[in-house]
Amino acid sequence: MLTLPRGGWRRFPRIVPVNPPTPAPSTPAAAVNADLHCHSTISDGTLSPEVLAARAQANGVQLWALTDHDEIDGQHRARNAAHALGLDYLTGTEISVTFAGETVHIVGLGFDADDAQLAAGLRATRGGREQRAQEMAADLARVGIPGAFEGALKYVGNPELISRTHFARFLVETRVCGDTGEVFRRFLTDGKPGFVPHRWARLGDAVRWITEAGGVAVVAHPGRYRFSPTEEYALFTEFQAHGGEGVEVVTGSHSVSEYARYAELARELGLVASRGSDFHSPGESRIDLGQLPPLPAGLTPVWERLTERILRAPAPSASRSASRSA
Ligand code: AMP
Ligand code: MN
Ligand code: MN
Ligand code: MN
């Protein structure tokens, strides 16, 4: 039996939901337009976090994450820009890892952006990029392409984050190549001029930095790695043993058959599935923000695992009510 307080229900202030559920309950989680992988000028993208947020919103994205390489410096800007536009936000980064002699990327989502261990791990991972870039430039000079370090630097927004993408832009600018795709076919990759082997973070460390900061670790674009089936199996086994939980199924780097292949892998291994364009630049990226197909059926979206970690855009009506009652 309910007991009314003295004065009746009116004595209670109107209940204002602090975390209103978005999307509306009628929208299944899998139908949310989530784009959880892209890059800003803080790594190797060409747009600022604010311009990316506006582009995401214009393209219908409802839940967004900025995932700069080895860097979380843009997280507060990205979240603020997302919220100003009514987008829900998950914190993000994409960590460079060396596994079985290959570079593997691990996306982290929904972590605490102020976590000290994660910040230190990312700082250590960024360290060494400048030295590597100098060696890349020296190697390019040996095949008759001088000035590549200074040339790449012109495109760099964050001095700690000089990457192969910045070299690729320089090689397109100087007409050595017609586009960045051609650059990566002829240069900067294993066995080609300008490639310098590099040791990135360890898989277990990257997963631990993310999960101990409250986030979920996701293997980015697995279709891109040149692993044998045995090596790929080892990657996922070790990833899960360290506490990794997700795999990118729908990404700008996958073909339609790879969507199906990694959907099957997610089901088999009990991994949650992620979706992200990996957008870098309007002139370079094949897939724009929010323009990917939905996740295949029968998968658990990573954002369902991260419900508590989603930074919800303030609902306009809720904030009006809150200011009235204040
Ligand atoms: P880095 O972290 O310096 O090794 O640079 C890696 C970045 O280079 C990736 O995140 C992509 O943005 C870019 N990249 C690598 N391979 C390719 C490719 N085949 N086509 C276009 N961009 C690529
Ligand atoms: Mn990149
Ligand atoms: Mn990547
Ligand atoms: Mn990426």
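In listed order, ligands and their atoms are each counted from 1. Since the model is a prediction, treat every value here as computed from it, not as a measurement.
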**Request:** Please could you name the atoms of ligand 1 that Thr165 approaches to less than 4.0 Å, counting only its heavy atoms?
**Result:** 7 (C), 8 (O), 11 (C), 12 (O), 13 (C)

**Asked** With the Mn ion (ligand 4) as the point of reference, which N/O/S atom of Asp278 is the closest?
**Response** OD1

**Prompt:** Identify the closest protein heavy atom to atom 6 (C) of ligand 1: which residue and atom is it, and at what distance?
**Reply:** Arg164 NH2, 3.7 Å

**Structural part of His198 in contact with ligand 1, heavy atom criterion under 4.0 angstrom** = neither

**Message:** Tell me whether Asp70 is salt-bridged to Arg126, with the criterion being a basic N under 4.0 Å from an acidic carboxylate O.
**Reply:** no

**Request:** To the nearest 10 degrees, calculate the angle at the Mn ion (ligand 2) involving NE2 of His69 and NE2 of His280.
**Result:** 120°

**Prompt:** Looking only at heavy atoms, is any part of Arg132 under 4.0 Å from ligand 1, and if so is it the side chain, the backbone, or both, or is it neither?
**Reply:** side chain

**Item:** Any N, O or S atom of His105 closer than 2.8 Å to the Mn ion (ligand 4)
**Value:** no

**Asked** So does Arg185 pair up with Glu182, basic N to acidic O under 4.0 Å?
**Response** no

**Prompt:** Do the charged groups of Glu50 and Arg77 touch, with an N to O distance under 4.0 Å?
**Reply:** yes

**Request:** Give the atom name of whichever N/O/S atom in His37 sits closest to the Mn ion (ligand 4).
**Result:** NE2

**Prompt:** In terms of ring plane angle, is the pair His37 and His39 parallel, tilted or perpendicular, where the classes change at 30° and 60°?
**Reply:** perpendicular

**Prompt:** Taking non-hydrogen atoms only, is Arg129 closer than 4.0 angstrom to ligand 1 via side chain, backbone, both or neither?
**Reply:** side chain

**From CA spacing to verdict: side-chain contact (heavy atoms from CB on, under 4.5 Å), Thr211, Val216** = CA-CA 6 Å; Thr211 53; Val216 166; over 6 Å; no

**Prompt:** Nearest protein heavy-atom contact for atom 21 (C) of ligand 1: which residue, which atom, what distance?
**Reply:** Phe184 CD1, 3.4 Å

**Request:** Verify the distance criterion only: is there a donor paired with an acceptor across the side chains of Glu173 and Tyr155 at less than 3.5 Å?
**Result:** yes

**Asked** Can a salt bridge be assigned to the pair Arg309 and Asp112 using a cut-off of 4.0 Å between side-chain N and carboxylate O?
**Response** no

**Flag for Thr251-Asp278: side-chain donor and acceptor within less than 3.5 Å** = no

**Message:** With a cut-off of 2.8 Å, does Asp44 put an N/O/S atom close enough to the Mn ion (ligand 2)?
**Reply:** yes

**Asked** Do Glu160 and Arg129 meet the salt-bridge criterion of a basic N to acidic O distance under 4.0 Å?
**Response** no

**Asked** How about His39: does one of its N, O or S atoms come closer than 2.8 Å to the Mn ion (ligand 2)?
**Response** no

**Item:** Name of the Glu94 atom (N/O/S only) found closest to the Mn ion (ligand 4)
**Value:** OE1

**Asked** Quick one: does His280 get an N or O within less than 3.5 Å of an N or O on ligand 1?
**Response** yes

**Prompt:** What part of His69 sits under 4.0 Å from ligand 1 if we count only heavy atoms: the side chain, the backbone, both or neither?
**Reply:** side chain

**Asked** Looking at Asp44, which atoms of ligand 1 are within less than 4.0 Å of one of its heavy atoms?
**Response** 7 (C), 10 (O), 12 (O)

**Prompt:** For ligand 1, does Thr103 get within less than 4.0 Å through its side chain, its backbone, both, or neither, judged by non-hydrogen atoms?
**Reply:** neither

**Prompt:** Less than 6.0 Å separating the ring centroids of Tyr89 and His83?
**Reply:** no

**Asked** Can you find a side-chain donor-acceptor pair between Ser277 and Asp35 that sits under 3.5 Å?
**Response** yes

